[in-house]
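Chain identifiers are assigned alphabetically (A, B, ...) following the order of the sequence lines, protein sequences preceding nucleic acid strands; residue numbering begins at 1 within each chain.
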Number of protein chains: 2
Amino acid sequence: MVVDELSDETVDRLFHALADTTRRDILRRCVRGKLSVSRLAEAYPMSFAAVQKHVAVLERAGLVSKQRSGREQLVRTDPDAVGRARQALDELESAWRGRVDRMARLLAEDPTAEEPEAPGTEENDTPEGPRR
Amino acid sequence: MVVDELSDETVDRLFHALADTTRRDILRRCVRGKLSVSRLAEAYPMSFAAVQKHVAVLERAGLVSKQRSGREQLVRTDPDAVGRARQALDELESAWRGRVDRMARLLAEDPTAEEPEAPGTEENDTPEGPRR
DNA sequence: CTAACGTACAACCAAATGGTTGTAGATGAG
DNA sequence: CTCATCTACAACCATTTGGTTGTACGTTAG
């Protein structure tokens, strides 16, 4: 696996999905379990549709996947997903912290990872415009 | 340092603050630099007030602190802040992944960290109601 | 002192968010 | 077949968010 660079939109969706207590709770519940959406919904003081939307947000962020089983839709947390969130933090942090220690972790868990060129290119006032 | 448990609101604010490209960019810019808000604002295709609001969001999340210097307000990223985000992920992940490997990392970077009691308390269907 | 600068904050607006209810389509149980 | 269940999705609503402009205030430069 080559640890692709995460796009801004991807990171936006990732962190936004994690920025809600209910959604984080859903993640915890669905690591093992593969709960159906309606089963999940029983656990929260809100409507089925609301939980359905939360699951959709998690799904768009790639934190969760759904698997049809009969008339039920089983929700399952992607165990690697939190790893991608961690990668997003690593990429943020790599802008200042040594890089090397983080690089070490990356290389440790994936020997085929390519090294992201040397730092030193520290232009700090490029007025490029982020979206929105 | 004792690695206090992060409250739900804290984690909400943390991830929400990170879920925006502009804000993440501000974080990268202000690690070294301590840019003033107006200096920062020059870098983005939006008004000064808008950037001011982004900084406020980062500040409420504890990712950034402001330090008055004459008539300028210097913004500085808290280097430990990303560590707290990482801790939030750890606490999420600890619900399933072994705990031990993550614990190892925590202990490695801070020998005084206390261990957060044994697992095994895996109640997975408590219908407690998250806020909002 | 005066003017320019940097900041703070209020008021306003459009769009997104998080929630609701209602309707309709599949699927499994009896 | 019929009915209950699970899901999907649209429509709607209140609040928040991310942006704007305008005004006011403290501080530094000249």
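No donor-acceptor pair under 3.5 Å is formed between the side chain of Arg23(A) and the backbone N or O of His54(A).
The nearest whole Å value for the distance from the CG atom in Leu58(B) to the C1' atom in dT17(D) is 14 Å. Atom CZ in Arg39(A) sits roughly 16 Å away from atom C1' in dT7(D) (whole-Å rounding). Whole-Å rounding puts the Leu74(A) CG to dA8(D) P distance at 11 Å. Rounded to whole angstrom, the span from the OH atom of Tyr44(B) across to the C1' atom of dG18(D) amounts to 15 Å. Between His16(A) atom NE2 and dT16(D) atom C1' there is a gap of 11 Å when expressed in whole angstrom units. Atoms CD (Glu59(A)) and P (dT7(D)) sit 13 Å apart, rounded to a whole Å. For the pair His54(A) NE2 and dT7(D) P, the computed distance is 16 Å after rounding to whole Å. Whole-Å rounding puts the Asp12(A) CG to dT17(C) C1' distance at 15 Å.
Among residues two or more places apart in sequence or in another chain, the salt bridge (Lys or Arg N to Asp or Glu O under 4.0 Å) test is passed with Lys66(A) by Glu59(A). A search for side chain to side chain contact (heavy atoms under 4.5 Å, CB included) contacts involving Thr10(A) returns Leu6(A), Ser7(A), Arg13(A), Arg84(A), not counting sequence neighbours. By the side chain to side chain contact (heavy atoms under 4.5 Å, CB included) test, Ser69(A) is found to be paired with Leu74(A), residues two or more places apart in sequence or in another chain being considered. Residues forming a side chain to side chain contact (heavy atoms under 4.5 Å, CB included) with Ala50(B) (at least two apart in sequence, or on another chain): Met46(B), Ser47(B). With sequence neighbours excluded, the residues that form a side chain to side chain contact (heavy atoms under 4.5 Å, CB included) with Arg39(A) are Leu35(A), Ser36(A), Glu42(A).
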| Nucleotide by nucleotide, 5' to 3', does protein get under 4.0 Å of the base (B), only the sugar-phosphate (S), or neither (-) in nucleotides 20-29 of chain D, counting heavy atoms? | BB-----BBS
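Each ring pair (Phe, Tyr, Trp, His ring centres under 6.0 Å) pair with one or both residues in residues 5-25 of chain B, not counting sequence neighbours, appears once here: Phe15(A)-Phe15(B). Under the ring pair (Phe, Tyr, Trp, His ring centres under 6.0 Å) criterion, no residue pair touches residues 74-94 of chain A, with sequence neighbours excluded.
Phosphate proximity of dA8(D) to Gln73(A): present, with a side-chain N or O under 4.0 Å from OP1 or OP2. Contact check, Ser38(B) against dT7(C): a side-chain N or O comes under 4.0 Å of OP1 or OP2. Taking only side-chain nitrogens and oxygens, Arg23(B) comes nearer than 4.0 Å to OP1 or OP2 of dG18(D). Phosphate proximity of dA8(C) to Gln52(B): present, with a side-chain N or O under 4.0 Å from OP1 or OP2.
Between the side chains of Asp78(B) and Ser65(B), no donor N or O sits under 3.5 Å from an acceptor N or O.
One end of the helix from dC1(C)-dG30(D) to dG30(C)-dC1(D) points its axis 30° away from the other end's axis, with each axis taken from 5 pairs and the angle rounded to 10°.
Annotation: of the two residues near DNA chain C, Val57(A) and Ser36(B), the 5′-most nearest-nucleotide partner is Ser36(B).
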